[in-house]
Amino acid sequence: MSKTVSIDIRSKTVEVSNQLLRILGEVETVVRAGSFVSIIGPSGCGKSTLLRLIMGLDTEFDGDIRVGTNPVTGPGLDRGIVFQEPRLLPWATVLENVAFAAPASAAKSQAIANARRLIDLFGLTDFVDAWPKQLSGGMMQRVALARAMLNLPEVLLMDEPFGALDAHTKTILQTELATIFEAQKTTTILVTHDVEEAVFLSDYILVLSTRPGRLTNIFEIDLPRPRDRTSSDFSKLRFEILRAAFSDDVVAHQSV
């Protein structure tokens with residue numbers, strides 16, 4: 001079951017050369033259960049840092065993050081994450097890479113069955129016994145997505161998962177992800193530099209300011225699905241959000 005993600009960050013700092021550097025300022029919002037939200041903003045504004053805080057990979061910050069009613073105190077099976085690099089185990093097959101995400105308490109037969117179901121869902125049936133070195137970049141990201149979804153996470157986090165792919169492969173995977181999201185309705189938070197990708201996939205887009213990243217705008221993407229990238233409404237919204245991503249408006253405090 002998908003869960004809400006409540007974010008109330010006052011400040012996030014890191015120590016660089018014996019000095020404190022403020023990475024994030026005020027970011028306060030609620031991501032509704034079952035929604036797809038993208039985070040955009042200038043390079044270095046703290047987008048990936050924010051995702052790490054939600055995942056629980058970093059817990060040193062001033063504020064509070066909750067999945068449902070539970071505070072985030074570290075990584076957990078309620079959240080899955082996909083990075084820009086697939087980070088597959090090179091000595092394991094596609095099936096073994098996906099099944100690897102199963103908790104130690106899970107029955108091996110059930111983990112394998114769930115992994116096969118996701119491999120089929122992501123169109124990798126013919127590559128179930130392939131090694132990562134035998135896969136294209138797009139195929140490896142499909143495996144990474146399947147692995148992240150193995151435990152039916154309540155929240156799926158993605159840090160520029162298609163950023164290193166060529167334009168054609170990226171478009172194909174964006175379309176596949178949109179289709180899977182419509183079927184699964186997992187609460188999804190995507191960090192991306194690609195405004196077109198954000199408009200194509202999202203229900204809402206959060207815009208962060210330059211560092212320290214603050215939430216400056218929230219855009220609702222009220223376009224029918226499946227979305228047409230060539231439509232005038234799509235192009236107009238893309239331009240509006242692209243312009244806003246480089247502005248420094250008043251901090252927004254609202255729910256999505």
Side-chain angles (χ1 to χ4, degrees), residues 2-33 35-85 148 153-161 163 187-195 197-198 202-220 241-256:
S2 296
K3 290 286 183 69
T4 61
V5 179
S6 304
I7 302 167
D8 183 7
I9 294 173
R10 303 292 95 195
S11 181
K12 165 61 183 175
T13 59
V14 298
E15 186 173 332
V16 179
S17 300
N18 296 320
Q19 292 186 336
L20 288 179
L21 188 66
R22 195 178 186 205
I23 302 299
L24 288 171
E26 293 186 351
V27 180
E28 183 180 352
T29 191
V30 177
V31 177
R32 289 204 300 258
S35 62
F36 195 118
V37 173
S38 290
I39 303 171
I40 65 171
S43 294
C45 71
K47 299 185 296 296
S48 293
T49 297
L50 176 56
L51 209 68
R52 288 176 59 83
L53 296 180
I54 298 170
M55 185 63 194
L57 297 174
D58 185 347
T59 57
E60 298 295 325
F61 68 99
D62 179 15
D64 181 66
I65 299 175
R66 293 175 181 267
V67 174
T69 59
N70 298 319
V72 171
T73 58
L77 294 178
D78 56 344
R79 285 149 288 147
I81 191 165
V82 181
F83 298 98
Q84 184 171 341
E85 309 83 16
E154 295 162 340
V155 179
L156 178 63
L157 306 170
M158 297 188 291
D159 192 359
E160 299 190 68
T187 305
T188 303
I189 303 176
L190 167 71
V191 163
T192 181
H193 281 97
D194 188 338
V195 174
E197 177 175 79
S202 305
D203 296 312
Y204 295 87
I205 296 176
L206 310 182
V207 180
L208 298 188
S209 68
T210 54
R211 183 178 60 82
R214 299 176 297 112
L215 181 57
T216 58
N217 281 287
I218 297 178
F219 287 89
E220 180 177 4
I241 294 170
L242 185 62
R243 182 175 57 187
F246 296 95
S247 67
D248 196 18
D249 299 333
V250 178
V251 175
H253 298 280
Q254 59 190 88
S255 297
V256 301

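The analysis underlying the following values was restricted to heavy atoms, covering all of them including side chains, and did not include hydrogens, waters or symmetry mates. Predicted, not measured: the structure shown is a model, and the values here were computed from it.
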* Structure fact -> Rounding to 0.5 Å, atoms CD1 (Ile23) and CG (Asp58) come to a distance of 10.5 Å
* **Separation of Ile40 CD1 from Leu208 CG (nearest 0.5 Å)** => 8.5 Å
* Asked: If you round to the nearest 0.5 Å, how far is CD1 of Ile189 from OH of Tyr204?
  -> 14.0 Å
* Can you name the side-chain hydrogen bond (donor to acceptor under 3.5 Å, both in side chains) partners of Asp203, sequence neighbours left out? -> Arg225
* **Those residues that, when tested against Glu85, pass side-chain hydrogen bond (donor to acceptor under 3.5 Å, both in side chains) (two or more places apart)** => Arg87
* Does anything in residues 59-72 pair up under side chain to side chain donor-acceptor pair (under 3.5 Å), and if so which pairs, sequence neighbours excluded? -> Asp64-Arg66
* What are the two closest heavy atoms between Thr192 and Glu197, and how far apart are they? -> OG1-OE1, 2.7 Å
* Where Gly213 and Val27 come nearest, the two heavy atoms and their spacing -> O-CG2, 3.8 Å
* Going by heavy atoms in the side chains, are Val37 and Thr29 under 4.5 Å from each other? -> no
* Roughly how far apart are Phe83 CZ and Ser48 OG, rounded to 0.5 Å? -> 9.5 Å
* Check: Lys47 side chain, Val207 main-chain N or O, donor-acceptor pair, under 3.5 Å -> no
* **Least distance between heavy atoms, Thr187 atom then Lys3 atom** => OG1-O, 2.8 Å
* What distance do Arg211 atom CZ and Cys45 atom SG have between them, rounded to the nearest 0.5 Å? -> 10.5 Å
* For Leu50 and Leu206, what are the C-alpha separation, side-chain angles and deciding distance, and is it a side-chain contact (heavy atoms from CB on, under 4.5 Å)? -> CA-CA 12 Å; Leu50 176 56; Leu206 310 182; 5.6 Å; no
* **Criterion side-chain contact (heavy atoms from CB on, under 4.5 Å) on Ser11 and Thr13, from CA distance to verdict** => CA-CA 7 Å; Ser11 181; Thr13 59; 3.8 Å; yes
* **Closest heavy-atom pair and its distance - Gly25, Pro212** => N-CB, 3.8 Å
* Structure fact -> In short, Arg79 meets Val72 closest at the heavy-atom pair NH1-CG1, 3.4 Å
* Asked: What heavy-atom pair brings Ser202 and Ser38 nearest, and what distance separates the two atoms?
  -> OG-OG, 2.6 Å
* Could you tell me the separation between the CG atom of Leu53 and the CD1 atom of Ile9, rounded to the nearest 0.5 Å? => 5.0 Å
* Asked: Is the shortest heavy-atom distance from the side chain of Glu26 to the side chain of Leu215 under 4.5 Å?
  -> no
* **Criterion side-chain contact (heavy atoms from CB on, under 4.5 Å) on Arg52 and Asp159, from CA distance to verdict** => CA-CA 9 Å; Arg52 288 176 59 83; Asp159 192 359; 5.9 Å; no
* Asked: Is there a side-chain contact between Pro161 and Leu190, using heavy atoms and a 4.5 Å cut-off?
  -> yes
